Amino acid sequence: MARRIVLTSGKGGVGKTTICANLGYCMARMGLNVLMLDLDMGLNNLDVVMGMENKVVYDIIDVIEGKCRAKQALIQDFFLPKLYLLPSIHCFYNKKIEWESINKILEELDFMFDYILIDCPAGIEAGFVRAVSLAQEAIIVSTPHISSVRDSDKVFSILNNYDLNSKYLVVNRARGDLILSGDMISIDTIVDYMKTELLGVIPDDDVISCQLMAGGSVYSESEAYQAFEMIANSIHFGVKKIYDCTKRYRGFVGSIRRTLKRKI
Ligand code: ADP
Ligand code: MG
């Protein structure tokens, strides 16, 4: 049976979709069968990030309405045959979508996958409830900005009302240079504030913006990729290793890097 993990945050634009796509890639590269489920109905962009937008024939609503079978709606990644996407609807859909009808679809697909990664919409309304109700585990994504930390903390409390086995925190867009200079809240401060288990830290990395332009995974030599790989290993093997975003800004060379980054 597949492990179902939802990526949520409350706030939009913190990196849920980015993390969902890149974790999917890392896990599939590790030889795991992964389904990414886009539940950001209407505002979805997981297919765009994955470079699969032009391959969408059927979406999840077509499956719910019986226009096709669940398997027919799946899109297989071009390079990684173990990685699939179940796309969300692109336009506004005014009928109510029950989480139970999506659950039925997932039950049908469950045997094919090791992991089902669920990309949750922003907010804490119906879309959030639907996505979280389908999951067994949750990754709460926060950036090191106070508004994001507060929203993620609220979401964390709301998640206590759901039947989840585990809840983890991922801090995205961490800037090691700013953390060292005291201009960005530290990872420890966020963990203390949220009182939750830290699953990973992802640096703010330009390769992620480039990925969006090209579609597909981030460059495997990049810092961001190393961070995604650590998270995937932690989830699957329980090997807990957190990416240290301050490492390259420490010491003499690090201080030069920091100064240059500030000036450019
Ligand atoms: P969400 O799904 O939470 O709304 P997205 O994953 O769409 O957020 O990310 C919002 C924007 O932030 C995107 O343009 C993405 O490229 C960028 N982004 C996300 N994570 C990072 C990162 N670690 N470094 C640089 N840019 C990032
Ligand atoms: Mg998103």
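From a predicted model like this one, the values you see are computed outputs, not experimental measurements. Order of listing sets the numbers, starting from 1, for every ligand and every atom in it.
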Return a yes/no value for [X]: is any of its N or O atoms, backbone included, closer than 3.5 angstrom to an N or O of ligand 1?
X: R173; result: yes
X: T18; result: yes
X: G12; result: no
X: I202; result: no
X: D205; result: yes

Exercise for the section: Using modelled atom types only, decide if a donor and an acceptor are shared between the side chain of N161 and the backbone of I158 within a distance under 3.5 Å. Expected result: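 Confirmed, N161 side chain pairs with I158 backbone.
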Handout entry: Near the Mg ion (ligand 2) (cut-off under 2.8 Å), count of protein N, O or S atoms
Key =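 Near the Mg ion (ligand 2), the number of protein N, O or S atoms below 2.8 Å is 1.
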Between [X] and [Y], does any side-chain N to carboxylate O distance fall below 4.0 Å?
X: R258; Y: D177; value: no
X: E98; Y: K96; value: yes
X: R4; Y: E137; value: no

Atoms in ligand 1 with a heavy atom of [X] nearer than 4.0 Å:
X: P203; answer: 22 (C), 23 (N), 24 (N)
X: K16; answer: 1 (P), 2 (O), 3 (O), 4 (O), 6 (O), 8 (O)
X: T17; answer: 2 (O), 6 (O)

Exercise for the section: Determine the minimum heavy-atom distance between R250 and L180, stating which atoms define it. Expected result: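 Heavy atoms of R250 and L180 come nearest at CG-CD1, 3.7 Å.
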Practice task
Specify the closest pair of heavy atoms between M112 and K71, including all atoms of both residues, with the distance to one decimal.
Solution key: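 Minimum heavy-atom separation between M112 and K71: SD-CE, 3.6 Å.
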Practice task
With sequence neighbours excluded, tell me which residues meet salt bridge (Lys or Arg N to Asp or Glu O under 4.0 Å) with E108.
Solution key: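 Not a single residue meets the salt bridge (Lys or Arg N to Asp or Glu O under 4.0 Å) criterion with E108.
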Exercise for the section: Write out all pairs satisfying salt bridge (Lys or Arg N to Asp or Glu O under 4.0 Å) with one or both partners inside residues 185-195, taking only residues at least two apart or from two chains. Expected result: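 Residue pairs passing salt bridge (Lys or Arg N to Asp or Glu O under 4.0 Å), neighbours aside: none found.
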Handout entry: Close approach of A224 to ligand 1, heavy atoms, under 4.0 angstrom
Key =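 Not so, A224 does not reach ligand 1.
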Practice task
Can you measure from CD (E223) to OH (Y243) and round to the nearest 0.5 angstrom?
Solution key: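 Those atoms lie 3.0 Å apart.
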Handout entry: Close side-chain approach of I118 to V132, heavy-atom, < 4.5 Å
Key =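 I118 does not reach V132 side chain to side chain.
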Handout entry: Residue part near ligand 1, for N172, under 4.0 Å between non-hydrogen atoms
Key =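 The side chain, only.
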Which atom pairs, one a donor and one an acceptor, fall under 3.5 Å between side chains of residues 231-238 and the rest of the protein, sequence neighbours left out?
| residue | atom | partner | partner atom | Å |
| --- | --- | --- | --- | --- |
| N233 | ND2 | E229 | O | 3.2 |
| H236 | ND1 | Y115 | OH | 2.8 |

